[in-house]
2 protein chains.
Amino acid sequence: MRQILDRIADKWSLLVIALLEKRTLRFTELRKSIDGISQRMLTTTLRQLERDGLIERTVYPVVPPRVDYALTELGCTLHDTIKALVVWTETNQAKIIAARRRYDERASEKLW
Amino acid sequence: MRQILDRIADKWSLLVIALLEKRTLRFTELRKSIDGISQRMLTTTLRQLERDGLIERTVYPVVPPRVDYALTELGCTLHDTIKALVVWTETNQAKIIAARRRYDERASEKLW
DNA sequence: CGGAATCCGCACTGATACTG
DNA sequence: CAGTATCAGTGCGGATTCCG
């Protein structure tokens with residue numbers, strides 16, 4: 001249970017699912033869309049999500065290779081709750097940044 | 001933005017917020033409730049959540065010391081979306097476990 | 001009781017090189 | 001293009017100790 005929550009709460013997994021909700025994407029498209037992710041981590045993340053039945057991997061036997069990633073039905077149901085989390089973050093990020101500033105200021109005052 | 005999402009999507013943070021929604025808890029109560037968390041990680045997690053203005057830390061000047069942790073108003077609004085995530089996990093964990101089994105079986109077949 | 005501080009291992013991650 | 005394989009480093013997190 002917590003094992004599942006850990007996987008889902010992974011930073012890269014959230015982003016991949018958020019991106020795939022809009023449409024099917026190829027490997028390179030995902031890599032370009034997610035700033036800062038390495039090829040290795042993208043591969044690892046996609047494999048885990050595929051293993052959990054959240055995304056579907058389609059390989060086209062062409063040259064050059066083409067692999068599409070899409071949300072499964074299960075993945076779509078997850079996306080709804082993830083989106084709520086993203087929306088909350090967008091809505092409240094100003095408050096959080098302000099709270100951090102207050103906290104850090106109080107902390108630095110106590111040094112004197 | 002992603003920095004905030006990372007903090008919130010942290011495995012320990014999710015659990016702490018989920019627990020504090022029911023009622024205010026003391027440090028030791030949290031540690032007992034969250035199986036597998038070390039004292040260090042609980043302290044770190046609580047500090048970060050406090051810094052972000054999601055929980056409130058109340059110190060009572062008594063002996064032995066007593067420290068209460070409670071959700072702030074901002075933390076309460078976050079809890080709603082987190083709860084959706086937890087509920088989703090509970091609802092679908094059977095499907096995920098089944099998907100993993102299928103995936104692993106297919107993988108082991110391909111070794112022959 | 002509720003921490004802070006220190007040490008330390010290793011798992012995660014990135015970088016690189018290679019392949020079908 | 002979409003990976004796999006290998007290796008190196010580093011930072012997270014556990015264990016321990018000490019303190020108000």
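Note that these values count all heavy atoms, side chains included, but never hydrogens, waters or copies made by symmetry. Quick note on labels: first sequence line is chain A, next is B, and so on, each numbered from 1.
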Query raised in the report: Reading DNA chain D 5' to 3', which nucleotide is the first, and which the last, to come under 4.0 Å of any heavy atom in chain B?
Result: dG13(D) to dG20(D)
Requested in this report: Flag yes if more than 12 heavy atoms outside Glu56(B) fall under 6.0 Å of its CD atom; otherwise flag no.
Outcome: no
Report summary line: In terms of heavy-atom contacts, Ala84(B) and Thr81(A) come closest through O-CG2, 4.0 Å
Query raised in the report: Is Tyr60(A) touching bases, backbone alone, or none of the nucleic acid, heavy atoms closer than 4.0 Å?
Result: nothing
Report task. Assess whether atom CD of Gln3(A) is packed by more than 12 heavy atoms of other residues, nucleotides or ligands within 6.0 Å. Result -> no
Requested in this report: Could you check which residues of residues 16-36 of chain A get a heavy atom under 4.0 Å from DNA chain D? Sort them by number, please.
Outcome: Arg26(A), Phe27(A), Thr28(A)
Requested in this report: Examine distances only and state if a side-chain atom of Thr72(A) and a backbone atom of Gly53(A) form a donor-acceptor pair shorter than 3.5 Å.
Outcome: yes
Query raised in the report: Which nucleotide in the list dC1(C), dA17(C), dG3(C) gets nearest to the side chain of Pro64(B)?
Result: dC1(C)
Requested in this report: Run the numbers on Leu5(B) and Lys11(A) for side chain to side chain contact (heavy atoms under 4.5 Å, CB included), then give the verdict.
Outcome: CA-CA 8 Å; Leu5(B) 201 58; Lys11(A) 63 190 255 189; over 6 Å; no
Query - Side chain to side chain, Trp88(A) and Ile8(B), heavy atoms closer than 4.5 Å - result: yes
Query raised in the report: Between Arg23(A) and Glu29(A), is there a side-chain N and carboxylate O pair less than 4.0 Å apart?
Result: yes
Report task. Give the rounded distance in Å between these two atoms: CD of Gln39(A) and P of dA17(C). Result -> 13 Å
Report summary line: Leu42(B) CG to dA4(C) P, in whole Å, measures 11 Å
Requested in this report: Let me see the working for Trp12(A) and Leu42(A) under side chain to side chain contact (heavy atoms under 4.5 Å, CB included), right down to the final yes or no.
Outcome: CA-CA 8 Å; Trp12(A) 299 128; Leu42(A) 181 54; over 6 Å; no
**Report entry** Exam field: side chain Asp52(B) to backbone Leu54(B), donor-acceptor pair closer than 3.5 Å
**Finding:** no
Query raised in the report: Which heavy atom in Arg100(B) sits nearest to a heavy atom in Ile4(A), and how many Å separate them?
Result: NH2-CG1, 4.2 Å
Collect all protein-nucleotide pairs involving nucleotides 6-12 of chain C in which both atoms are nitrogen or oxygen and the distance is under 3.5 Å.
unit_1 : atom_1 : unit_2   : atom_2 : d
dT6(C) : O4     : Arg40(B) : NH1    : 2.9

